[in-house]
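The first residue in the sequence is number 1, and the count goes up from there. We count ligands from 1, going down the list as the structure has it; atoms in each ligand are counted the same way.
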Amino acid sequence: MSLSKRNAVVTGSTSGIGLAYARALAKEGANVVINGLGAASDIEKERAAIETEFGVTCLYDAADMLKPAEITGMIANAEAKLGSVDILVNNAGIQYVSPIEDFPVEKWDQIIGVDLSSAFHTIRAAALGMKARKWGRIINTASAHSRVASPFKAAYVAAKHGIAGLNKVVALELAAYGVTSNCISPGYVWTPLVEKQIPDTMKARNLTREQVIHDVLLEAQPTKEFVTVEQVAALAVFLCSDAASQITGANISMDGGWTAG
Ligand code: NAD
């Protein structure tokens, strides 16, 4: 197992892509801190399953990615309980779909907070330890929307373009310390986040559910297939390997060709 002795924090890992990252890193032997919202009993089930299936330590931290003090506390707790944070995966994300003139101001603030600012806070807190130990892997889940826009997603597209910029700055600052920082930019991955935006997209564009799936979501993706959470997680595991030590500041697409066009 390539990542035994490494400790990872994955934000937004009670569901979807984040849970797949946590499980894939644990499968490689890393201890993992999972984080995110959800029913306590469901989260405990996932946490315990990671420990028993992969024989690692898995902790849950309930830090709200909208609260800087809780985010900093999560990194400090992970360092105190596990000894270090070697792998940081910024993944928590939310979406809201609305024409710009109706876009609720509080939704803008929340999306910028969870999808962008939380990564600033985690990296800010974890960088010192990574630099001191001369090893670290920072992985940011960006999106095809870090490269291109779609209508009605003002806050999300702004946040994802923002994290692509943050990623480059962090990569430059930490390059000489054995710490890499990269974005993974999936196209549409079938997760609760995608499923939840279907009703609003139906309303915003006056379409049926089937039309949203085939004419809006998969329309963008030349392969006409959703990306799987396991594929995204496998790329993260690769980015944590020694083979990937010279990949930094990159924004790697996994979008079925979406942004090639
Ligand atoms: P998801 O809804 O399944 O998971 C989102 C996670 O973030 C959950 O664990 C949730 O609890 C957590 N979260 C939300 N608000 C939080 C908060 N305030 N504090 C702590 N945790 C919070 O969604 P997903 O599709 O797995 O998305 C994960 C990431 O991947 C997001 O950054 C998203 O933008 C990105 N992404 C998703 C897709 C896709 O098609 N699903 C495509 C590109 C990028």
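Any N or O atom pair closer than 3.5 Å counts here, and Val189 shares at least one such pair with ligand 1. Residue-to-ligand polar distances keep Asp115 apart from ligand 1: every N/O pair is separated by 3.5 Å or more. Of the N or O atoms in Gly12, one or more lie within a sub-3.5 Å distance of an N or O in ligand 1.
Of all atoms in ligand 1, numbered sequentially from 1 with element shown, those under 4.0 Å from a heavy atom of Tyr188 are 40 (O). Under a 4.0 Å criterion applied to the non-hydrogen atoms of Tyr156, ligand 1 contributes the atoms 33 (C), 34 (O), 35 (C), 36 (N), 43 (C), 44 (C). Residue Asn91 approaches ligand 1 through these ligand atoms, each under 4.0 Å from one of its heavy atoms: 28 (C), 29 (C), 30 (O), 31 (C), 32 (O). The Val194 neighbourhood of ligand 1 comprises atoms 39 (C), 40 (O), 41 (N), with distances under 4.0 Å to a heavy atom of that residue. Numbered from 1 in the order shown, with element, the atoms of ligand 1 that lie under 4.0 Å from a heavy atom of Thr141 read 29 (C), 30 (O), 35 (C). Remark: ligand 1 atoms within the under-4.0 Å shell around heavy atoms of Ala63 are 19 (N), 20 (C). Against a heavy-atom cut-off of under 4.0 Å, Gly16 is close to the following atoms of ligand 1: 3 (O), 26 (O). The Ile17 neighbourhood of ligand 1 comprises atoms 26 (O), 30 (O), 37 (C), with distances under 4.0 Å to a heavy atom of that residue.
Proximity of Gln95 to ligand 1 is not established, as no heavy-atom distance is less than 4.0 Å. Within the structure, the closest approach of Ser118 to ligand 1 does not fall below 4.0 Å when heavy atoms are considered. At least one heavy atom of Ser13 sits closer than 4.0 Å to an atom of ligand 1. Under the 4.0 angstrom criterion for non-hydrogen atoms, Ser185 is not in contact with ligand 1.
Proximity of His145 to ligand 1, defined as any heavy-atom pair under 4.0 Å, is not found for any part of the residue. When heavy-atom distances to ligand 1 are checked against a 4.0 Å cut-off, Thr11 has no atom that comes that close, whether in backbone or side chain.
Listed by first and then second residue, the side chain to side chain donor-acceptor pair (under 3.5 Å) pairs that reach into residues 211-222 are Thr208-Gln211, sequence neighbours excluded.
The nearest heavy-atom contact from the protein to atom 38 (C) of ligand 1 is Gly187 O, 3.9 Å. At the shortest separation from atom 11 (O) of ligand 1 among protein heavy atoms lies Leu37 N, 2.8 Å. What sits closest to atom 14 (C) of ligand 1 on the protein, heavy atoms only, is Ile94 CG2, 3.7 Å. The single protein non-hydrogen atom nearest to atom 20 (C) of ligand 1 is Met65 CG, 3.4 Å, given as residue, atom name and distance. Considering only non-hydrogen protein atoms, atom 43 (C) of ligand 1 sits nearest to Pro186 O, 3.4 Å. Of the protein's non-hydrogen atoms, Leu193 CD1, 3.8 Å is the one closest to atom 27 (O) of ligand 1.
Around atom 25 (O) of ligand 1, the closest heavy atom drawn from Thr191, Val114, Thr14 belongs to Thr191. Comparing Gly36, Gly113, Ser15 against atom 4 (O) of ligand 1, the shortest heavy-atom distance belongs to Ser15. Across the listed options Ala142, Ala144, Gly93, Ala142 owns the non-hydrogen atom lying nearest to atom 44 (C) of ligand 1. Comparing Leu66, Leu116, Asp64 by heavy-atom distance to atom 18 (N) of ligand 1, the nearest is Asp64.
Checking Asp255 against Thr259 by side-chain atom types alone, a donor-acceptor pair falls below 3.5 Å. Checked by atom type, the side-chain pair His121/Thr72 shows no donor-acceptor distance below 3.5 Å. Under 3.5 Å, the side chains of Thr11 and Asn35 contain no donor-acceptor pair of N or O atoms.
The minimum heavy-atom distance linking Asp109 with Leu66 is given by the pair O-CD2, 4.5 Å. For Met74 against Met65, the heavy-atom pair with the smallest separation is CE-CE, 3.8 Å.
A side chain to side chain donor-acceptor pair (under 3.5 Å) with Ser185 holds for exactly one of Ser253, Ser143, Ser146; it is Ser146. Checked options Ile71, Asp64, Asn91, Ile112; the residue passing with Ser118 is Ile71 (criterion: side-chain contact (heavy atoms from CB on, under 4.5 Å)).
Between Gln95 and Val97, some side-chain heavy-atom pair lies under the 4.5 Å cut-off.
A continuous path of Ile, Leu, Val, Met, Phe, Trp and Tyr side chains, each step under 4.5 Å between heavy atoms, connects Leu174 with Val9, placing both in one hydrophobic cluster.
Relative to the six-membered ring of Phe54, Lys27 misses at least one condition, a distance below 6.0 Å or an angle of at most 45° to the axis.
Side chain of Arg133 to backbone of Val85: a donor-acceptor contact under 3.5 angstrom is found. Of the possible polar contacts, none joining the Tyr21 side chain to the Ala234 backbone as a donor-acceptor pair under 3.5 Å is found. The closest donor-acceptor contact from the side chain of Arg137 to the backbone of Ser241 lies under 3.5 Å.
Ring centers of Trp258 and Tyr188: under 6.0 Å apart, within the cut-off. You'll find the ring centres of Phe103 and Tyr96 inside the 6.0 Å limit.
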